[in-house]
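First comes the structure, then the notes that go with it.
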Amino acid sequence: MTVDIRAIVRNASYLAIAPVISMALTFVSSIIIIRSISVTEYGVFAFIVAYCTTLTALTSFRTSEAVSRYVVCDTNQPQNLSPSVISFSIFIQLITRCSSYLAIFIVTPIIIQAELFNPDDRIAHLAPLLGISLLLEFFEPVWNGVATVQKRFAAISLVSLCRDVSRFIVILYLWLTNDITLHNIIFAYIYASAITFILNIFMLASPLKSTAVYVACNWSAFRRNLKYQLSPMWRFMRHGYFANIASTSIKHGDILILSAFRTADDVGIYRLAKSLATLLQSLVTSLSKVIFPEFITQVKSSKLTQIHTFTNLLTKRIGVILSGVFFLAIIAAKPLIPLIYGQDYNDSFPIFVVLVVGTAVTAILFWVHPLALSLERTDLILKINILNVICFYTIGLSLTDIYGAYAIAGALSFSWAFGYLFLYNCLRHQLKSLSRAN
């Protein structure tokens, strides 16, 4: 069996529909929001998102990837463990999201009282509101994992698109009624998450029903599976947990560090630059989701030579295309940022250029993370993430006070590029050695 490039492209095209439309909706939404609130308010909003997401990550596991990994493996076992995998994943998601929401309630008053991160008093009630949005998304990783295994990529695309369209409709309505405030923007996020929650429940109806029947009728076997047979999955998730903390502390730590040293205006300008850079990164998100189950199948079939050949070809071809895309984006950004978002955001352009360097590397090497997970190299991902965290915070904490957003942008861009290149090099050597062994 070889990697079916046509199938990957076809499935990716389903998933690409949502990102392309979402990119357009996010772009328009960001223009509406930025044009309707001040730079300072946009900085406060950026801090709240980074703060709540970071607290959520402290209690989050890579549930979606674990479900995809071990439900696929179960199909080759004489005993189907899928109900155990799904029920265990739902339980973990529910507990961790409730814990993170409780953490937001506890930590927020402490931050305000201690005056950490130059806090705005509005986060006292805005952060718990945004926490509701994150809480409602606890089903989504399980749904994504199950749908990926079933290769229901059109359904994944539909759920994602419904969330973004719902949020856009609310923001558009607020703009038309001249009622855009930080509170209402967060309510738009809550509304979109509620729509996603309902769709996830609907899409998971059949697996949830079979899981409930399995647990009710096979309680002893279920407990046995949790204790013994699911231990590899738990080990996978445990490594993923620490890796997730490390990666999220980099992904959102930049906003927190910048908030500690600079004003909300600087945070708002930086947030725009980062949003534009990550928007470009989302161009290959669909490919990453599609290629993961393909890698798992190839690894289980010991087709490592094919994977090595395929990834080399993929890197060369997509590298040429994306290099041109990112170069054109840099040229277009200079006149378009002040034209679209206003003169107050002029300083976002050089920050955007710095971030694009790291973003380009992660986009071209989008496949290294799914491959590492399919090879169960969560230990390697964790080690690289820890090393990345040390580099990121060393640069960020030592230079941000002097150079502001440029320093934190450089730290983030370096961390992105270094992490993916390091992982790429390690996997390339592993594939070569395993191919020779086979």
[X] (side chain) donor-acceptor with [Y] (main chain) under 3.5 angstrom:
X: S29; Y: F168; answer: no
X: Y51; Y: T108; answer: yes
X: Q93; Y: F138; answer: yes
X: S193; Y: S133; answer: yes
X: S30; Y: F27; answer: yes
X: T181; Y: N184; answer: yes
X: S413; Y: V354; answer: yes

side-chain contact (heavy atoms from CB on, under 4.5 Å) assessment of I381 paired with N385: CA-CA 6 Å; I381 294 174; N385 282 347; 3.6 Å; yes
Are [X] and [Y] close enough that some pair of their side-chain heavy atoms sits under 4.5 Å apart?
X: I185; Y: I33; answer: yes
X: I408; Y: F392; answer: yes
X: L276; Y: I337; answer: yes
X: F202; Y: W143; answer: no
X: V67; Y: P141; answer: no
X: K383; Y: I386; answer: no
X: L412; Y: Y270; answer: yes

Drop me the distance from [X]'s [atom1] to [Y]'s [atom2], to the nearest 0.5 angstrom.
X: N200; Y: R163; atom1: CG; atom2: CZ; answer: 8.5 Å
X: S166; Y: L25; atom1: OG; atom2: CG; answer: 10.0 Å
X: I106; Y: L102; atom1: CD1; atom2: CG; answer: 4.0 Å
X: S415; Y: I250; atom1: OG; atom2: CD1; answer: 4.5 Å
X: H369; Y: I384; atom1: NE2; atom2: CD1; answer: 9.5 Å
X: Y42; Y: R35; atom1: OH; atom2: CZ; answer: 13.5 Å

Stepwise side-chain contact (heavy atoms from CB on, under 4.5 Å) check, F47 with V44: CA-CA 5 Å; F47 171 79; V44 172; 5.7 Å; no
Pi-cation contact, Y189 with R167 (under 6.0 Å, within 45°):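 Yes, R167 lies over the aromatic ring of Y189.
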Near-ring test Y424/W367, centroid separation under 6.0 angstrom: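 That pair passes the under 6.0 Å test.
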Name of the residue among L126, I104, I186, I123 meeting side chain to side chain contact (heavy atoms under 4.5 Å, CB included) with C52: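 The passing option is I104.
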All ring-ring contact (aromatic ring centres under 6.0 Å, His included) counterparts of [X], not counting sequence neighbours:
X: W416; result: none
X: Y341; result: none
X: F422; result: F418
X: F105; result: Y101

Partners passing salt bridge (charged side-chain N to carboxylate O under 4.0 Å, His left out) against E137 (at least two apart in sequence or in another chain):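 Counting only residues at least two positions away or on another chain, E137 forms no salt bridge (charged side-chain N to carboxylate O under 4.0 Å, His left out).
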Exceeds 12 heavy-atom contacts within 6.0 angstrom, atom CZ of F187: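 No, not enclosed.
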Chi angles and distances behind the side-chain contact (heavy atoms from CB on, under 4.5 Å) call for L129, I190: CA-CA 8 Å; L129 279 178; I190 295 174; 4.3 Å; yes
Listed partners of S275 passing side-chain hydrogen bond (donor to acceptor under 3.5 Å, both in side chains), at least two apart: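 Partners of S275 by the side-chain hydrogen bond (donor to acceptor under 3.5 Å, both in side chains) criterion, ordered by chain and then number, come out as R271.
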